[in-house]
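Heads up, the thing below is written out as structure tokens.
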2 protein chains.
Amino acid sequence: MSHPEKPVQSGYAYQKIAEEIEAQILRGDLKPGDLLPGETEMGSLFGVTRSTVREGLRQLETDGLIHRPSPRRMEVTVPPVDLLTTRATRAMALMKVTFRELVEVAMVMEPLAARTAAERATPEEIEDLQQLHAALVASEGQLEETIELDEKFHSRVTEIGHNRVLGPAREPVGLLLFRGFEHIAPVATNFYKRQIEAHSNILAAIRDRDVERASKWARMHIEDFWRGVQLAGLDDANPVLPRPVSHTEGVT
Amino acid sequence: MSHPEKPVQSGYAYQKIAEEIEAQILRGDLKPGDLLPGETEMGSLFGVTRSTVREGLRQLETDGLIHRPSPRRMEVTVPPVDLLTTRATRAMALMKVTFRELVEVAMVMEPLAARTAAERATPEEIEDLQQLHAALVASEGQLEETIELDEKFHSRVTEIGHNRVLGPAREPVGLLLFRGFEHIAPVATNFYKRQIEAHSNILAAIRDRDVERASKWARMHIEDFWRGVQLAGLDDANPVLPRPVSHTEGVT
DNA sequence: ACCCCTCCCAGTGTCGGACACTAACCAATG
DNA sequence: CATTGGTTAGTGTCCGACACTGGGAGGGGT
């Protein structure tokens with residue numbers, strides 16, 4: 001605790017390599033966009049074999065610190081958000097969090113998302129959101145589609161808030177939470193209508209730049225969801241993973 | 001979008017392996033605690049070389065889905081939380097989030113943490129928190145210690161809330177945020193005293209199980225922090241990484 | 001001079017085999 | 001029955017090799 005700098009290099013060579021490169025990235029010696037030397041070259045550079053270098057690189061790649069835009073280039077990156085959310089979502093599912101826990105957090109995240117969106121959305125973003133909402137309305141009655149559009153709507157609202165901290169924090173919660181509809185829809189009355197009403201109110205508030213109203217409706221939306229959860233007896237049930245998570249990077 | 005099941009196996013063998021094992025874990029075929037076959041065996045199992053298997057394993061290990069409790073065992077795990085927060089923290093630092101963004105989120109997270117803590121803390125946990133607070137009081141005037149104890153206090157409060165979703169969501173924010181004290185302390189008047197006052201009020205509220213008061217004080221604490229940020233002119237500044245993040249797993 | 005096609009090379013993904021080192025198992029010993 | 005010592009399977013690292021391919025070099029057409 002006395003030394004702020006602790007050279008915690010674990011004994012394994014491949015880890016040392018990963019740590020070294022990671023340090024260079026964090027220190028700024030390597031900036032996003034820079035491309036790395038070939039594996040063979042790094043090998044001789046670090047005094048290890050290519051196989052060893054490879055394991056180190058795989059570690060960094062999994063962390064999202066480097067990636068391969070083309071099979072020929074290996075360059076430094078800022079970890080893509082979806083990678084973060086993917087991992088967090090998976091982890092939460094595995095640690096068997098309950099709907100209660102998810103709702104508790106969603107109860108403050110969603111209002112914040114809505115509030116920031118109302119504050120900062122550009123006209124184009126609002127337009128985009130409106131289309132998403134239209135799609136939701138159109139898919140009334142179709143469970144799977146509704147769930148997906150619902151999640152997408154909330155996700156988009158968050159994006160519109162232009163807060164890069166909120167995104168990764170909220171997404172996993174939404175991803176796990178809204179899957180609950182699957183079990184709620186059958187037991188809740190007027191499920192689709194209430195869903196649509198809430199969203200259209202949030203949307204309207206964002207359009208009117210009414211921060212408070214946006215926030216309030218978002219909260220009510222989650223409260224309503226929570227009632228649904230209770231009705232379905234899911235309070236302490238574990239949500240399931242949306243769908244097989246892939247390691248492949250989406251090109252955005 | 002029609003097929004719910006998409007066999008998105010990227011061409012690379014090592015990824016296929018990682019994905020296959022990951023799928024088995026998520027599907028529940030492999031449960032935390034189970035231990036994996038040897039690398040050579042998996043090699044012949046999947047029809048690839050050990051080197052290839054190794055790269056796949058490295059990926060899973062980085063994800064925290066498997067780990068090596070002893071150099072001889074390779075077993076399935078639930079990704080440890082600190083691994084999640086570590087990655088998220090690093091990513092946020094790299095994407096150069098601003099203090100403004102962090103505060104915005106902290107403004108809802110910390111009150112929630114305090115509120116849940118007030119609701120559910122056990123006497124022992126409260127005792128523990130009290131000691132932490134005492135340490136903070138004792139370290140008045142010492143910047144580095146104060147920062148660390150501050151972060152630890154908030155972290156502990158969150159833990160006490162017993163919400164496994166809030167933890168991973170809040171931690172990265174706190175980690176990045178409270179480093180700001182480094183620049184705030186010199187320009188803020190009565191910095192240490194205000195810090196201590198806020199914490200002791202939060203603590204008292206938790207002890208009294210006064211949910212609303214706990215929440216309110218937590219909020220004020222962040223608001224005060226935000227004023228400090230503005231005073232120091234850090235609004236749109238980027239926080240820095242707490243300290244070199246290591247890949248080595250902490251044995252808790 | 002500029003564009004297009006073709007060829008070549010470096011670099012990657014994968015393979016197979018090899019070796020030192022050590023944790024864990026086993027058996028013999030006290 | 002506990003201890004001790006040897007055996008062994010499994011890991012971390014190394015070496016060398018090969019097929020495949022993206023991207024650049026160079027040549028030919030307009």
Side-chain angles (χ1 to χ4, degrees), chain A residues 7-22 24-25 30 33-77 246-251, chain B residues 7-25 30 33-77 246-249 251:
Chain A
V8 251
Q9 299 192 340
S10 32
Y12 302 130
Y14 66 88
Q15 275 212 4
K16 280 194 206 165
I17 291 179
E19 281 167 18
E20 171 56 26
I21 298 179
E22 173 185 341
Q24 289 189 23
I25 294 177
L30 284 171
D34 291 2
L35 77 161
L36 278 63
E39 297 175 350
T40 5
E41 187 176 342
M42 300 185 93
S44 57
L45 206 68
F46 285 103
V48 297
T49 335
R50 202 157 73 90
S51 337
T52 307
V53 171
R54 254 163 159 279
E55 289 189 45
L57 292 181
R58 204 88 304 128
Q59 188 160 325
L60 293 170
E61 194 180 17
T62 307
D63 269 359
L65 290 172
I66 62 181
H67 84 306
R68 222 180 269 297
S70 106
R72 218 43 166 244
R73 274 172 82 86
M74 175 68 104
E75 68 177 38
V76 179
T77 338
S246 89
H247 277 272
T248 46
E249 345 192 357
V251 183
Chain B
V8 253
Q9 299 193 340
S10 33
Y12 301 131
Y14 67 88
Q15 274 214 4
K16 279 194 205 165
I17 291 178
E19 282 167 17
E20 171 56 25
I21 298 179
E22 173 185 339
Q24 288 188 24
I25 295 177
L30 284 171
D34 293 0
L35 77 161
L36 278 60
E39 297 176 350
T40 6
E41 187 176 343
M42 300 184 93
S44 56
L45 207 67
F46 285 103
V48 298
T49 333
R50 202 157 73 91
S51 337
T52 307
V53 172
R54 254 163 158 280
E55 289 189 45
L57 292 181
R58 205 85 307 127
Q59 187 160 325
L60 293 170
E61 195 181 16
T62 307
D63 269 359
L65 290 172
I66 63 181
H67 84 305
R68 222 181 269 296
S70 105
R72 226 27 174 254
R73 275 173 79 86
M74 176 68 105
E75 66 176 39
V76 178
T77 339
S246 88
H247 277 273
T248 46
E249 343 193 358
V251 183

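A, B, ... follow the sequence lines: proteins, then strands. Residue 1 opens every chain. The model shown is predicted, which means the values in this text are computed figures rather than measured ones.
Scanning DNA chain D 5' to 3' for nucleotides with an atom closer than 4.0 angstrom to a non-hydrogen atom of chain B gives a first and last hit of dA9(D) to dT13(D). The span of DNA chain C lying next to chain B, judged by atoms under 4.0 Å from heavy atoms, is bounded 5' to 3' by dG13(C) to dA24(C).
Rounding to the nearest 0.5 Å gives a distance of 7.5 Å between CD1 of I17(B) and CG of L57(B). Between the NE2 atom in H67(A) and the OG1 atom in T62(A) there is a gap of 13.5 Å [rounded to 0.5 Å]. To the nearest 0.5 Å, atom CD1 of residue I25(A) and atom CD1 of residue I66(A) are 6.5 Å apart. Taken from CD1 in I21(A) to NZ in K16(A), the straight-line distance is 14.0 Å, to the nearest 0.5 Å. For the atom pair CD (E20(A)) and CE (M42(A)), the distance works out to 9.5 Å, reported to the nearest 0.5 Å. Here the CZ-OH distance, from R68(B) to Y12(A), works out to 6.5 Å after rounding to the nearest 0.5 Å.
For the segment residues 70-77 of chain B, the set of residues with a heavy atom within less than 4.0 Å of an atom of DNA chain D comprises P71(B), R72(B), in numerical order. Sorted by residue number, the members of residues 37-50 of chain B with any non-hydrogen atom under 4.0 Å from DNA chain C read G47(B), V48(B), T49(B), R50(B).
Partners of L35(A) by side chain to side chain contact (heavy atoms under 4.5 Å, CB included), not counting sequence neighbours, listed by chain and number: R73(A), E75(A). With sequence neighbours left out, E41(A) forms a salt bridge (Lys or Arg N to Asp or Glu O under 4.0 Å) with no residue at all.
You'll find the side chain of V76(A) stays beyond 4.5 Å of the side chain of Q24(A), heavy atoms only.
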In residues 48-56 of chain B, what donor-acceptor pairs under 3.5 Å come from side-chain atoms, sequence neighbours left out?
residue: R50(B); atom: NH1; partner: E39(B); partner atom: OE1; Å: 2.7
residue: R54(B); atom: NE; partner: E39(B); partner atom: OE1; Å: 3.1
residue: R54(B); atom: NH1; partner: E55(A); partner atom: OE1; Å: 2.7
residue: R54(B); atom: NH1; partner: E55(A); partner atom: OE2; Å: 2.4
residue: E55(B); atom: OE1; partner: R54(A); partner atom: NH1; Å: 2.7
residue: E55(B); atom: OE1; partner: R58(A); partner atom: NH1; Å: 2.3
residue: E55(B); atom: OE2; partner: R54(A); partner atom: NH1; Å: 2.4

